[in-house]
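In what follows, a structure is listed as structure tokens, so that the remarks can point back to it.
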Amino acid sequence: MEWNVLFFFNSVLLGVGLAIDAFSVSLANGLGEPAMKRKKMCGIAGVFAFFQALMPMVGWICVHVILSYFQAFEKFIPWIALGLLLFLGGKMLLEARKGEEEGDEKTGLGIAALLVQGVATSIDALSVGFTIASYDLCMALVCALIIAVVTFFISISGLVLGKKFGTNMSREASILGGVILILIGLEIFITGVF
């Protein structure tokens, strides 16, 4: 592979394709926390961007170093993503229900939940390491950086949209966010297994 416009175009397209899950989860996060500050929004988008860049590089390393081990693990990726997103979505639904019963305000997204979301939305990006296997290390890093930048901006847009609509929805937003996460998990599982 050589450095050309097609390389950058393909990297941007990879970024868009991989960022769709991060966009949906960002939308859910914005819905669930309409008063979110810009600093936290940038942190959330940054976590998603980091994991979306990290996973293809891990996949690339697997292709070049431990291919046989990774192939054995690859069939579990949809199951892991499904489990993580079902857990997060279910937790959001339970918290919305619990908050409704108690009348308490939602505290927002914690760092542990954010890290789980980052891994869950990017775990399918491990397989991108196979598509960029023909790249040398420098090209793979540039591709991962482009994916991170695209993911960051797509995640920010999801957060902004979620906040805008979340302001008008209150508790229903948490329910919708939980349902979105569960649906994303099911989509990753169905496309990964079938």
Side-chain angles (χ1 to χ4, degrees), residues 11-12 14-58 80-125 141 143-188:
S11 297
V12 169
L14 276 173
V16 171
L18 292 173
I20 297 304
D21 291 343
F23 172 81
S24 299
V25 173
S26 295
L27 185 66
N29 289 338
L31 283 168
E33 194 175 339
M36 188 183 302
K37 304 278 189 232
R38 284 186 191 179
K39 183 177 178 182
K40 186 170 184 178
M41 290 171 62
C42 288
I44 290 170
V47 167
F48 290 153
F50 171 77
F51 281 108
Q52 289 290 11
L54 175 67
M55 292 299 183
M57 287 307 301
V58 170
I80 293 168
L82 175 67
L84 291 172
L85 289 171
L86 284 177
F87 171 75
L88 287 171
K91 186 173 183 247
M92 284 180 77
L93 291 173
L94 288 174
E95 286 175 358
R97 179 76 174 150
K98 188 168 110 177
E100 185 177 285
E101 292 171 356
E102 296 173 0
D104 293 337
E105 287 296 312
K106 184 169 171 53
T107 58
L109 179 68
I111 188 70
L114 176 60
L115 292 174
V116 171
Q117 286 180 354
V119 170
T121 59
S122 65
I123 198 161
D124 59 334
L141 287 170
C143 180
L145 179 62
I146 291 169
I147 290 169
V149 169
V150 169
T151 300
F152 181 85
F153 286 109
I154 288 176
S155 297
I156 287 288
S157 66
L159 287 163
V160 169
L161 285 172
K163 276 182 57 173
K164 179 176 173 111
F165 295 110
T167 304
N168 302 325
M169 296 176 124
S170 70
R171 274 193 220 301
E172 292 82 15
S174 289
I175 294 168
L176 179 60
V179 170
I180 287 172
L181 291 178
I182 290 169
L183 291 175
I184 292 169
L186 290 172
E187 181 268 332
I188 291 171

Quiz item: CG/D21 to OG1/T151 distance, rounded to the nearest 0.5 angstrom?
Solution: 10.0 Å

Quiz item: To the nearest 0.5 Å, what is the distance between CG (L14) and CD (Q52)?
Solution: 10.5 Å

Quiz item: What's the spacing between C42 SG and M36 CE if we round to 0.5 Å?
Solution: 11.0 Å

Exercise. Can you measure from CD1 (I156) to OG (S26) and round to the nearest 0.5 angstrom?
Key: 7.5 Å

Quiz prompt | Heavy-atom pair of closest approach, residues V16 and I154 | solution = CA-CD1, 4.1 Å

Quiz item: With sequence neighbours left out, what residues match I146 under side chain to side chain contact (heavy atoms under 4.5 Å, CB included)?
Solution: F8, S11, V12, V142, V150

Exercise. Nearest 0.5 Å please: distance from the OG atom of S122 over to the CG atom of L54.
Key: 7.0 Å

Exercise. Supply the atom-to-atom distance L159 CG to L31 CG, rounded to the nearest 0.5 angstrom.
Key: 10.0 Å

Quiz item: With side chains defined as the heavy atoms from C-beta onward, is the minimum distance between L18 and M55 less than 4.5 Å?
Solution: no

Practice problem: Find out whether T121 and F48 are in side-chain contact, i.e. whether some heavy atom of one side chain is under 4.5 Å from a heavy atom of the other. | Solution: yes

Quiz item: Is the closest side-chain heavy-atom distance between F51 and L115 below 4.5 Å?
Solution: yes

Self-check item: Any N29 side-chain heavy atom under 4.5 Å of K163 side chain
Solution: no

